[in-house]
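Reviewing the structure listed below.
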Amino acid sequence: MKKKMVFAMKGIILAVLLFISLFPIYWLFLMALRPTAEISGGMGLMPGQLTMEHFKALFVEKGFGTALYNSLINGGSAMVLSLTFGLTTAYALSRKRFRFRIKKPLIYWVLLIRVLPPVAFVIPLYTLFTKLKMMGTRMPIILSCMLINIPLVIWFMIAFFADLSEEIEESGKIDGATEWQLFVRIVLPLVLPGIAAISMLSFLYAWNEYTYSVILTRSPANYTIPLALSVLNTEDNVTNFGLVAAGGVSSFIPVALFVVFAQNYLISGLSSGAVKE
């Protein structure tokens, strides 16, 4: 009887925590689907009427689709480039056979870049991109997100590479595999769970990045989702909460789909890597 009560109490606590966690998302969807008059007049837990007027105004009048496209391009590009440079660097730093004098200082330097706040790099990056005549393009945002993501990828993946036995790579060398073939065909498949997790984190940072976007973006054609949401005001400079909620829902769905895909890939990587021959 006592065990049943403890089990019931745990269930109740988990249900309450789940409700608290999901309620803001439910309320966001509710505001996005309610008419403006109902939002301003007071809202209950259940909507009295549903409408798509906010989504229509968002994409037709405000051109939110452009911001959504820019965020997808920026986030995807920053993620791919960060993984390309970060994975190779982490692999080289985790292997004893790659010997160079600045190995340890380089590891601490990578950590220093990650620890510093992103705003510390704004002025140098602004000056650099201005001299390179990149302002007005997507490149400043992509490269700035890379600056933050690459150290994260390196520090996250060093542990995964260090846990791998080098005997597997030695067997590959005996079979005539080159360093690149060892890395791509043998090592990377064994660290797929880590790659999936760090890909998710890298993409989410680039997707939600606001500091660099507001400073390095000049043209509305290059606005990202956080920047586009910040300027969703009416002609009287009053925020339309239904419109902002619709923007939040529109920005939430692609990320949710990406997380679901990454989770499935993570589970697949764990299950395939668990069997050793």
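Just so you know, these numbers use all the heavy atoms, side chains as well, and skip hydrogens, waters and symmetry mates. By convention here, the first residue in the shown sequence is residue 1.
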Please report the closest heavy-atom contact between F161 and S94, naming both atoms and the distance. CB-OG, 3.2 Å
Partner set under side-chain contact (heavy atoms from CB on, under 4.5 Å) for S21, not counting sequence neighbours: none
Would V119 end up clustered with I141 when hydrophobic side chains under 4.5 Å apart are linked, directly or stepwise? yes
According to a hydrophobic-cluster definition based on side-chain heavy atoms being under 4.5 Å apart (Ile, Leu, Val, Met, Phe, Trp, Tyr only), do L257 and V249 belong together? yes
Answer yes or no: is there a side-chain heavy-atom contact under 4.5 Å between M52 and L33? yes
Quick one, L147 with L125, criterion side chain to side chain contact (heavy atoms under 4.5 Å, CB included). Give me CA distance, side-chain angles, the key distance, then yes/no. CA-CA 10 Å; L147 174 68; L125 288 175; 3.9 Å; yes
Sequence neighbours excluded - side-chain hydrogen bond (donor to acceptor under 3.5 Å, both in side chains) pairs with any residue from residues 138-148: N70-R138
CD1 of I150 to CG of L87: how many Å apart, nearest 0.5 Å? 10.5 Å
Nearest heavy-atom pair of L243 and A57: which atoms, and what distance? CD1-CB, 3.8 Å
Ignoring hydrogens and angles, tell me if any N or O in the side chain of S71 forms a donor-acceptor pair with the backbone of I225 under 3.5 Å. yes
Restricting to pairs with a member in residues 183-204, which pass side-chain hydrogen bond (donor to acceptor under 3.5 Å, both in side chains), not counting sequence neighbours? none
Mind checking whether I198 and L201 have side chains closer than 4.5 Å, heavy atoms only? yes
Which residues pass the side-chain contact (heavy atoms from CB on, under 4.5 Å) test with Y223, sequence neighbours left out? T217, P220, L227, V231
For I154 versus T89, what's the shortest heavy-atom pair and its separation? CD1-CG2, 3.7 Å
Measure up the F252 and F29 rings against each other and bin them: parallel (under 30°), tilted (30 to 60°), perpendicular (over 60°). perpendicular
How about V214 and S230: do any of their side-chain heavy atoms sit closer than 4.5 Å? no
Keeping S77 on the side-chain end and N74 on the backbone end, is there a donor-acceptor pair under 3.5 Å? no
Under the side-chain hydrogen bond (donor to acceptor under 3.5 Å, both in side chains) rule, what pairs show up with a residue in residues 203-216, not counting sequence neighbours? E209-S213, S213-T224
Determine the minimum heavy-atom distance between A228 and A67, stating which atoms define it. CB-CB, 3.6 Å
Looking only at non-hydrogen atoms, find the nearest pair between L216 and M135 and report the distance. O-CE, 3.4 Å
Measure the spacing between CG of L17 and CD1 of I12 and express it to the nearest 0.5 Å. 12.0 Å
Where S82 and A78 come nearest, the two heavy atoms and their spacing: OG-O, 2.6 Å
For residues L143 and M134, determine if any side-chain heavy atom of one lies less than 4.5 Å from a side-chain heavy atom of the other. yes
What residues form a side-chain contact (heavy atoms from CB on, under 4.5 Å) with T84, not counting sequence neighbours? V80
Kindly determine whether L152 and I148 satisfy side chain to side chain contact (heavy atoms under 4.5 Å, CB included), including the steps that lead there. CA-CA 7 Å; L152 177 65; I148 303 301; over 6 Å; no
According to a 4.5 Å side-chain heavy-atom criterion applied to Ile, Leu, Val, Met, Phe, Trp and Tyr, with indirect links allowed, do L164 and W180 form part of one hydrophobic cluster? yes
Approximate separation, where rounding is to 0.5 Å, of S250 OG and L229 CG: 8.5 Å
Can you pull out every ring pair (Phe, Tyr, Trp, His ring centres under 6.0 Å) where at least one residue sits in residues 50-81? Sequence neighbours excluded, please. F59-F64
Look up atom OG1 in T127 and atom CG in L132, then write down how far apart they are to the nearest 0.5 Å. 10.5 Å
Among all residues two or more places apart in sequence or in another chain, which pass the ring pair (Phe, Tyr, Trp, His ring centres under 6.0 Å) test with F19? F23
Show every ring pair (Phe, Tyr, Trp, His ring centres under 6.0 Å) that has at least one partner inside residues 118-143, sequence neighbours left out. none
For the residue pair F160 and I195, establish whether any side-chain heavy-atom pair is separated by less than 4.5 Å. no
Hey, is CG on L22 packed in by over 12 heavy atoms from elsewhere, all under 6.0 Å? yes
Honestly curious: do I73 and L204 fall in one hydrophobic cluster under the side-chain, below-4.5 Å linking rule? no
Check side-chain contact (heavy atoms from CB on, under 4.5 Å) between P124 and all other residues, then give those that pass, not counting sequence neighbours. none
